[in-house]
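Numbers here are sequence positions counted from 1. Since the model is a prediction, treat every value here as computed from it, not as a measurement.
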Amino acid sequence: MTQESSYIRWFESIGVNDVPIVGGKNASLGEMVKSLKSKGIRVPDGFAITAQTYWQFLEANNLQSKILYQIEQFQKGEIPLEKAGKTIRRLLVRSRFPDEIAEAIREGYRQLCDRYNLEEVDVAVRSSATAEDLPDASFAGQQESYLNITGTEEVLEACRKCYASLFTDRAISYRETKGYNHMDVALSIVIQKMVRSDKACSGVMFSIDPETGFPNDILITAAWGLGELVVQGSVTPDQYRVFKPLLKRPDLKPIIEKSLGNKQEKMIYAFGTTKTTRTVPTSLFELQSFVLDDEDILQLAKWAELIEEHYRCPMDIEWAKDGDTGELYVVQARPETVQSQKQAGTLKTYSLKQQSDRLLVGLSVGDAIASGKVCLIRNVTDIEKFVEGTILVTEMTDPDWVPIMKKAAGIVTDHGGRTCHAAIISRELGIPAIVGTGKATQLLPADQEVTISCAEGEEGYVYEGLLEFESKEVSLLDIPQTKTKIMMNIGSPTAAFRWWQLPADGIGLARMEFLINNIIKVHPMALIHFDKITNYSIRHEISEMTHGYEDKTDYFVDLLSRGIAKISASQHPQPVIVRMSDFKTNEYADLIGGQQFEKVEANPMLGFRGASRYYSDRYREGFALECKAIKRVREVIGMDNVIIMIPFCRTLKEADRVLEVLESNGLKRGENGLQVYVMCELPSNVELADEFAKRFDGFSIGTNDLTQLVLGVDRDSGELADLFDERDLAVKRMIQRLIKTAHEAGRKVGICGQAPSDHPDFAEFLVEAGIDSISLNPDSVVKVKRRVAEVENNRV
């Protein structure tokens, strides 16, 4: 039977109320062992060395007055931070544990060995400060961790090093910034059985989207080997997203994103040397493979949801997979400290007012924009060269960089993912950062003027020059309800989560061609008939892009379905109308491999586009892939709020043929609640609205094409720009007729165009005409909703 003393406490005997005794990490581990192991969450066993032990260690070695003296000298400016910290750390490392304490720790380690039936169990020795991981502060990575420690004397030595790490320069600086008294913070220590993730993988997950605060998202990052490289930002990990509300459905796999990371290194155990771990290159197979399969992704997500439910707040969780047993473990959980502290009621948005050459792309952290000169610093030893207010460019950061990070206008790194140190601290400081660019330190020379934008979705961009930008604060308070549904136009999955707080009634237009053009980039027929591609360089490019897919069409279906699912998740369970592809032939030809499968047309705007492609032998197979993606979104991932919409449907005969093709691909209108809408962008759609209404569940007016064809004006013609006006009486009468006829047939009518955003009088006309929904660009939603409410109130 295990024994406890005032010096050690086993995980099963501590919980969240014991932070003053065992610190944040230990208290959280104990809470999970006590409350969540019974729900299937695995936590490696271990014990805490109490904070009281730390105080007794200081007292036995007469250290408190010596530490205070060094801190006071630093605060007075008599000595630099570096000297104060180094002196304190040396004092702690060279001190000895009193015999009684040392024996208690040795006995705890022996008992842990007995629990695992090992002569010497491998443990992680981590710090657990009594002020760490509070809801309003993150001490992420400030104290050291020592991995693969075996043997009683090695454990004692690692404990002394943990005590010393309480006074690293970054920890002292952070406490100064947050206003913590240095002598109010004690250090407890975690002694925990290692998970053999050096033979498998590890990572970090959030039970909330850490960038936007979207509460229904679980973000998981993963890399090969021990987890230190993920936290440090030395590698760019895989990234997975899971839609939380559908996790309890056993028939679904609500994984809405899988992104391959550039995992060039991994940390593993070291043997036969003084070092306990070492970093080695990953194999080509590991580099090109996803770390987690779907089963593991869903298991971790379910655990994240259980942990969040137990703690009743968004959580930041570390996990590891054991390569010997194949089992997953949670090794740490703490409250998320950025999004959970934000005030609700306002939405701040940033937008560029100028454009320039795009120099780099990476993962965006935050949603702001910053500009300035590049301050290139490769090594932490050179941080004194940092110039306040510049853009810090470096390979990666660790807690030693915090003193200059808070002085930067923005940060750009070569390595790292959303859960790396640079990302965590940038969020907390409110500084825009772009991580994982791969080559920022190579491409951005010192003093170059750049603008970094995190305002364009999940990808962040570095632009050349100092570009003008603006920020706006939109109040989300006291927004009136409207009878007319106000929806959004969304093309990019990366941008969808940015707007989840808007009071929208769903998404009225999600353009499939945007996903194909920007994410897939390959012509679907080039994937179906890859063996017929004659251009060698194109074959090579497609092979590289589809690596890991035995069937290249799965590449198309996977990326398209997850892109649609992510957009749909942002508004679930509100309706999301996805328009099937509506490229023109010249646009299809611009896709990789497209020229071999597209013919040149004199007038692509009125040519082989929209519905006419879906049943044609020239594209029927490509449309089948689009249908397969939709079917997966609705029936496998679970986004049954997706409505599909058919564009540019010229005739009733064409409508019937398209519906037949949809049904042959498993998308039968009315089955499993599937609704099919049609775009109204041709005079024939209005003239035969009663007949189209028998075939479709609703209409969405495309004002650009409808205006073009009603007025006979090329919408892209500069010379005829004055004639192109959606508010022309002929267009408005067409719209009135459509709404009247559709409503008589019991069908809804929406509109998805820019005109209601640009012209308040046009929005007023639509409401007067009885439109059911207006779909707008996100930045217009609040403004138009308020205007529509006024119009509706005036009609009463």
[X]: what forms a salt bridge (charged side-chain N to carboxylate O under 4.0 Å, His left out) with it, not counting sequence neighbours?
{"X": "R511", "answer": "none"}
{"X": "K406", "answer": "none"}
{"X": "D558", "answer": "R632"}
{"X": "K566", "answer": "E257, E458"}

Is it the case that [X] and [Y] place a side-chain donor and acceptor less than 3.5 Å from each other?
{"X": "Y619", "Y": "E626", "result": "yes"}
{"X": "H421", "Y": "Q232", "result": "no"}
{"X": "K552", "Y": "T546", "result": "yes"}
{"X": "S492", "Y": "T494", "result": "yes"}

Using the ring pair (Phe, Tyr, Trp, His ring centres under 6.0 Å) criterion, which residues pair with F206? Sequence neighbours excluded.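 In terms of ring pair (Phe, Tyr, Trp, His ring centres under 6.0 Å), with neighbours along the sequence ignored, F206 is linked to no residue.
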With Y461 via ring pair (Phe, Tyr, Trp, His ring centres under 6.0 Å) - residues at least two apart: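 Y461 satisfies ring pair (Phe, Tyr, Trp, His ring centres under 6.0 Å) with no other residue.
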Looking at [X] and [Y], does any basic side-chain N land under 4.0 Å from a carboxylate oxygen?
{"X": "D238", "Y": "K258", "result": "no"}
{"X": "E464", "Y": "R358", "result": "no"}
{"X": "D582", "Y": "R609", "result": "yes"}
{"X": "R378", "Y": "D414", "result": "no"}
{"X": "R241", "Y": "D209", "result": "yes"}
{"X": "E513", "Y": "R579", "result": "yes"}

Side chains of H415 and C420: does their closest heavy-atom pair fall under 4.5 Å?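 No - every pair of side-chain heavy atoms lies 4.5 Å or more apart.
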According to the interplanar angle, ranging from 0 to 90°, do the rings of H523 and Y588 count as parallel (below 30°), tilted (30 to 60°) or perpendicular (above 60°)?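 Tilted, since the angle between the ring planes falls between 30° and 60°.
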Might you confirm whether atom CD of Q574 has over 12 heavy atoms from other residues, nucleotides or ligands at distances under 6.0 Å? yes
Donor-acceptor pair, side chain of T221 and main chain of T419, under 3.5 angstrom: no
To the nearest 0.5 Å, tell me how far L515 CG sits from N518 CG. 8.0 Å
Measure the OG1-CZ distance between T585 and F608 for me, rounded to the nearest 0.5 Å. 9.0 Å
